[in-house]
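Order of listing sets the numbers, starting from 1, for every ligand and every atom in it. What you see is a predicted model, and the numbers here were worked out from it, not measured in a lab. When a residue number appears, it is its place in the shown sequence, counting from 1.
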Amino acid sequence: MIPLLLALTIAFPRPGQKLPYVERCYMIGAVEPGTTNILVAGEPVAVYRTGAWATLVKVEPGTNVVDVAGSNHWFTVAKKPAARADAAAKPERVYEKLPYAGDAAKEHPAGRERGEITVVIDAGHGGNDTGALSPHRIEEKDANLRMARSVRDELCKRGYRVVMTRDGDKAVGLYDRPKVAHANNADAFISIHHNAPPVDRDPRDRRYSVVYAWNDIGERLGRAVNRRIAAVNAAEGVKNNGVSRANYAVTRNPEIPSCLIEVDFITSPEGEEASWNPVRRRRVAAAIADGIDDWAAGTEPERRL
Ligand SMILES: [Zn+2]
């Protein structure tokens, strides 16, 4: 409301000027402050005082403002423009049902050949969405993709069927990522990220891995990969923060076991270096693949570590 009043106050309308359509139209007339006997088209209208020199009168759009007692000013208020036909015919939003949505969770693949187990690997961020930045401005999206490719290569070597949500620097919608798992009849979905602390925290000595899952089937997968990553980290002096529950777009998948791995902090100097180190990367990728082996065999830890 305030900007409209200001606009009209600054650009004082000329008598007879057509005012642009607004839901509530205000007329500024040079009536005496305190005047209450103002008629618009013969009807009394409410008066709003904005200062000693002007009074605002509320009128309905489409009203021809006449009979403003005590004032020589009168204005024609523009009529509401006819609604455009295409705006009126706005199509109803159609929601697409994902293949498993609302159905039972996917059956655990115990006993199946690896070639019949599909794992979707999701490299977090991409395109304009860089994710976190390292001290030397390495973008998280690139570190995620390097790690995701290593995990894919390791899983393929072991005979799994692997699908990537992106295999290049490309934007993929957050909600399109779990859809890739649905579209490929996936047995598991793993999102790869690198972490960053909150903006008000010192990033220099903060470094650990953590795994997030949303429901029980996701946590089971998360426990499996976390145990293996924790073992690699322990050997290298990197902390592990275990498995937590988190309601993320990529973990919130009721039917397909899904988890998100923050493999390291890209914001600490050591974490940044690790994201470039191919030896460390292959070790972590092998740990994630070992975790998937454990999960597929049903030998993951029974409780969160
Ligand atoms: Zn991220």
Open item on the list: I'd like the atom name of the N/O/S atom in H193 lying closest to the Zn ion (ligand 1).
Closed with: ND1

- [ ] Quick one: report the N, O or S atom of E140 that is nearest to the Zn ion (ligand 1).
- [x] OE2

- [ ] Supply the members, apart from I138, of the Ile/Leu/Val/Met/Phe/Trp/Tyr cluster built from side-chain contacts under 4.5 Å; use none for a lone residue.
- [x] I266, W276

TODO: Heavy atoms only: give me the nearest R137-E272 pair and the separation to one decimal.
DONE: N-OE2, 4.4 Å

Open item on the list: Check this for me: does any side-chain nitrogen of one of D167 and R149 sit under 4.0 Å from a carboxylate oxygen of the other?
Closed with: yes

TODO: Output every pair passing ring pair (Phe, Tyr, Trp, His ring centres under 6.0 Å) with a member in residues 222-250, not counting sequence neighbours, ordered by first then second residue.
DONE: Y212-Y248

TODO: Check whether any N, O or S atom of H125 sits under 2.8 Å from the Zn ion (ligand 1).
DONE: yes

